[in-house]
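Report on one structure; see the data block that follows.
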Amino acid sequence: MSSISIIGLGNMAGALAKRALTGGHAVEIIGRDQAKAEELAAALGHGATAGTFGTTPAGDLVILAVPHAGAVPVVTQYGEALADKVVIDISNTSNADATGLVTPDGTSGAEEIAKAAPASAHVVKAFNTVFGHILARGGSLDVLLAGDDAQAKASVSAFVESLGLRPLDAGGLEMARWLEGTGVLMISLARNGVGTFDFSLDVNLPD
Ligand SMILES: NC(=O)c1ccc[n+]([C@@H]2O[C@H](COP(=O)([O-])OP(=O)(O)OC[C@H]3O[C@@H](n4cnc5c(N)ncnc54)[C@H](OP(=O)(O)O)[C@@H]3O)[C@@H](O)[C@H]2O)c1
């Protein structure tokens with residue numbers, strides 16, 4: 001069992017918290033609106049607690065479940081409170097019409113978060129290629145992840161497995177930009193060839 005903190009109170013936070021609680025983890029929910037965080041923790045039950053925004057999170061793994069635009073400001077506000085933590089960035093960085101990325105060429109949301117985080121924190125990109133409503137439904141899915149620190153990636157992979165999901169290491173944090181591009185691709189697939197957001201992107205090994 002691990003101790004997980006989730007910053008954000010929205011769809012992804014709720015879906016990840018439910019699966020983490022089912023997986024037997026201790027879950028701390030954190031939001032900028034304390035009353036809303038306490039409400040969500042109570043609704044989740046199974047011992048979920050509400051932490052205080054901006055103070056040192058209880059979890060060794062800290063899931064940043066806020067929109068891309070808020071991610072760097074939140075990490076900056078936390079500052080040294082994230083020292084030694086494994087920070088899981090789940091954000092998508094799509095532009096408004098999902099035809100491209102809002103980040104400049106040569107970087108990614110995850111890399112910008114890593115620059116803003118304390119040097120002792122390790123950022124791992126994960127979960128951005130999984131739709132929240134599919135995650136909430138249960139069942140096995142592939143979770144693509146990227147990061148520079150082997151130990152941090154191993155911790156995130158073990159966490160992913162404990163949720164009944166399959167972690168797939170895509171490489172170093174420089175691969176986060178392609179995972180974020182994959183998030184855009186998924187929206188375009190939903191609007192075009194797949195025709196629905198009710199799908200997951202999984203890797204199959206043909207016989
Ligand atoms: N939904 C999906 O299918 C999906 C899939 C993969 C990845 N993602 C990524 O997951 C992240 C969360 O998405 P979501 O769908 O869960 O969004 P959501 O339902 O809109 O929830 C976003 C949460 O972030 C909080 N927030 C926003 N700006 C903040 C800030 N500056 N400081 C602190 N908290 C802030 C909001 O707080 P308030 O309640 O106070 O407004 C809200 O609790 C996003 O980065 C998204 O790209 C989403």
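All values derive from a computational prediction rather than experimental measurement. Order of appearance sets the numbers: ligands from 1, and atoms from 1 within every ligand.
Considering His133, Met186, Arg32, Met12 only, the shortest heavy-atom separation from atom 30 (C) of ligand 1 involves Arg32. When the heavy atoms of Gly10, Gly54, Pro67 are ranked by distance to atom 24 (O) of ligand 1, first place goes to Pro67. Residue Ala65 holds the heavy atom nearest to atom 12 (C) of ligand 1 of all those in Gly70, Ala136, Ala65, Ser91.
Proximity of Asp142 to Leu201: side-chain heavy atoms (C-beta onward) are nowhere separated by under 4.5 Å. Looking only at side-chain heavy atoms (C-beta outward), Pro57 and Tyr78 come within less than 4.5 Å of each other. In this structure the side chain of His122 never reaches within 4.5 angstrom of the side chain of Asp84, judged on heavy atoms.
A donor-acceptor pair under 3.5 Å is absent between the side-chain atoms of Asn95 and the main chain of Leu101, judged by distance alone. A donor-acceptor contact shorter than 3.5 Å is absent between the side chain of His46 and the backbone of His25. A donor-acceptor pair under 3.5 Å links the side-chain atoms of Lys85 to the main chain of Gly59, judged by distance alone. At distances below 3.5 Å, not a single donor-acceptor pair connects side-chain atoms of Asp148 with backbone N or O atoms of Gly172.
For ligand 1, the polar-atom distance check finds no N/O of Phe127 at less than 3.5 Å from any of the ligand's N/O atoms. Taking only nitrogen or oxygen atoms, main chain and side chain alike, Lys36 reaches within less than 3.5 Å of ligand 1. Backbone and side-chain nitrogen or oxygen atoms of Asn128 are examined, and none is located within less than 3.5 angstrom of a nitrogen or oxygen of ligand 1. The shortest N/O to N/O separation between Gly8 and ligand 1 does not fall below 3.5 Å. The shortest N or O to N or O distance between Asn11 and ligand 1 is below 3.5 Å.
Arg19 pairs with exactly one of Leu135, Val160, Val27 by the side chain to side chain contact (heavy atoms under 4.5 Å, CB included) rule, that one being Leu135. With respect to Ile7, the side chain to side chain contact (heavy atoms under 4.5 Å, CB included) criterion is satisfied by exactly one of Ile29, Val87, Leu64: Leu64.
The shortest contact between atom 3 (O) of ligand 1 and any protein heavy atom is with Gly132 N, 2.8 Å. Summary of contacts: the protein heavy atom closest to atom 32 (N) of ligand 1 is Val74 CG2, 3.3 Å. Nearest to atom 9 (C) of ligand 1 among the protein's heavy atoms is Ile90 O, 3.4 Å. Of the protein's non-hydrogen atoms, Leu9 N, 2.8 Å is the one closest to atom 43 (O) of ligand 1. For atom 45 (O) of ligand 1, the nearest protein heavy atom (residue, atom name, distance) is Val66 O, 2.7 Å. For atom 47 (O) of ligand 1, the closest heavy atom belonging to the protein is Asn92 N, 2.9 Å.
Under the 4.0 angstrom criterion, atom 16 (O) of ligand 1 counts as having a protein heavy-atom contact. Taking a distance limit of 4.0 Å, we find that atom 20 (O) of ligand 1 is approached by no protein heavy atom.
For Val130, every heavy-atom contact with ligand 1 shorter than 4.0 Å involves the backbone, none the side chain.
Summarising the geometry, atom OG1 belonging to Thr93 is positioned 6.0 Å from atom NE2 belonging to His68; distances are rounded to the nearest 0.5 Å.
Under a 4.0 Å criterion applied to the non-hydrogen atoms of His68, ligand 1 contributes the atoms 45 (O). Within the listing of ligand 1, atoms 3 (O) sit less than 4.0 angstrom from a heavy atom of Phe131.
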Evaluation steps, salt bridge (charged side-chain N to carboxylate O under 4.0 Å, His left out), between Lys125 and Glu111: CA-CA 9 Å; Lys125 186 90 200 178; Glu111 288 160 286; over 6 Å; no
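Cluster membership for Phe199 and Leu168, using ILVMFWY side-chain heavy atoms within less than 4.5 angstrom, is not shared.
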